[in-house]
Amino acid sequence: MPVPLLDVNAQNRPLEAELTGAFQRVLKHGMFILGKEVDQFEAEAREFLGVKHALGVSSGTDALVLALMALDLQPGDEVLCPAFTFFATAGSVSRVGAVPVFVDVCPVCFNLDVNDARAKITSRTKAIMPVHLFGQSADMDAIQALATEHGLRVIEDAAQSFGAAYKGRQTGTIGDFGAYSFFPSKNLGGLGDAGLLATNDDKLGEYAKILRVHGSAPKYYHHHIGGNFRIDALQAAFLSVKLKHYNDYTAKRQVNAAFYAERLGQLPGVVQADPAHCKCAKAQSASLDAAQAKIVLPVGYAHNTHIWNQYTIRVLGGRRDALRDFLWSKKIGCEVYYPVTLDQQKCFAHLPAHSLQGCEVSHQLAAEVLSIPIYPELNPAQREEVAAAIAEFVA
Ligand SMILES: *Cc1c(COP(=O)(O)O)cnc(C)c1O
């Protein structure tokens, strides 16, 4: 039986009556822009996240751009962001005219290496953008401490981490702003593009709300230049339906992750990443060599609630592409997130040298990572098939 990497229909089909009802409600009243459904979804999101302000926006990317605009980032200002992430993290920095400075990541948790971030601070550094990659929080205490010490703004790219917690606090609510995505492949997946911008700061929340509608306040009076960053009423209505089921989706992803850890962890040459080696590339590779590891499984740290947007393994010994091709040949979905680090993208080649230096762990990960199916509706027979195929490969 083929096993897809993700099956959005398996999640949306059981909700067909509820989603159709939401569509018919909006169709009937005809208020497609902002209004009741958006207000309601924002209230539900505030409650879910435990945050003071939540703005429904057009996408996760626009949430990032809106955050950077609301913080008045200026041309030439530098923003620290990880080299190993989805493009939008740094693309949004460039779009407001600021300069991304790429920071290396941790080989254990895949998140921003705070020591490397500290080393790359200059007099022009204005903000830091941690990404909670694959659904696990970055080291927010260390990031907030660094930001306080150097007067930096913190924008959390929480596109992959809606509902993931750090020491009991929701990711995306700790820094100045948190940006979430509801792209269909994210854990809370819409029926199209949508996103959310969260903050606990009243002033920033108000300002972002004005910038979401072209900087207009009151209507047709512009003290600022914003953009059209609004979420559709239809998407808000659909997301309200899906949010009710969200904790169940997360629990199922966590069950799947626990299955892989148990089942794959028994295979020869398969080891669990060691949290003790977090942000310590040298110790990590030394101990992995000693264990003759072929595959490293991801870990969720005890202080984090990991929501497993992706279950990403590292395939050592230059065999990642071989495993990917092997799984594909068995019709098992898998994907490389991400094959090219941001410091190596052509569009950033013109950046000053210090933006592009010292991202060796990111380069290594780009050559080793492989994400395997983890979505909530993956059934026991399917995940057993994934595990059996990996067992065959390492045997
Ligand atoms: C998906 C994603 C985004 C962008 O979100 P969109 O809704 O697709 O615009 C930004 N950053 C990260 C890390 C993402 O995974």
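Indexing begins at 1, ligand by ligand and atom by atom, following the structure's order. Only this structure's heavy atoms are used, side chains among them; waters, hydrogens and symmetry mates stay out.
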Checklist line | Validation row, ring centre Y337 to ring centre F134 under 6.0 Å | finding: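 Ring-ring flag for Y337/F134: false, centres at least 6.0 Å apart.
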Note to self: Taking the six-membered ring for Trp, are F182 and F238 closer than 6.0 Å centroid to centroid?
What the structure shows: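 No.
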Checklist line | Smallest separation among heavy atoms of H132 and G172, with atom names | finding: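 That would be NE2-N, 4.2 Å.
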Note to self: Just checking L27: does its CG atom have more than 12 heavy atoms from other residues, nucleotides or ligands closer to it than 6.0 angstrom?
What the structure shows: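 More than 12 heavy atoms, drawn from other residues, nucleotides or ligands, come within 6.0 Å of this atom.
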Note to self: Tell me every residue that passes side-chain contact (heavy atoms from CB on, under 4.5 Å) with E385, counting only those two or more places apart in sequence or in another chain.
What the structure shows: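 Applying side-chain contact (heavy atoms from CB on, under 4.5 Å) to E385 gives M1, V3.
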Check: Is there a donor-acceptor contact under 3.5 Å from the side chain of D62 to the main chain of F229?
Finding: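 A pair under 3.5 Å: no.
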Give a table of atom pairs where an N or O of ligand 1 lies under 3.5 Å from a protein N or O.
from     : atom 1 : to   : atom 2 : distance (Å)
ligand 1 : 5 (O)  : S181 : OG     : 3.3
ligand 1 : 7 (O)  : G60  : N      : 2.8
ligand 1 : 7 (O)  : S181 : OG     : 2.6
ligand 1 : 9 (O)  : G60  : N      : 3.4
ligand 1 : 9 (O)  : T61  : N      : 2.8
ligand 1 : 9 (O)  : T61  : OG1    : 2.5
ligand 1 : 11 (N) : D157 : OD1    : 3.3
ligand 1 : 11 (N) : D157 : OD2    : 2.8
ligand 1 : 15 (O) : Q160 : NE2    : 2.7
ligand 1 : 15 (O) : K186 : NZ     : 3.0

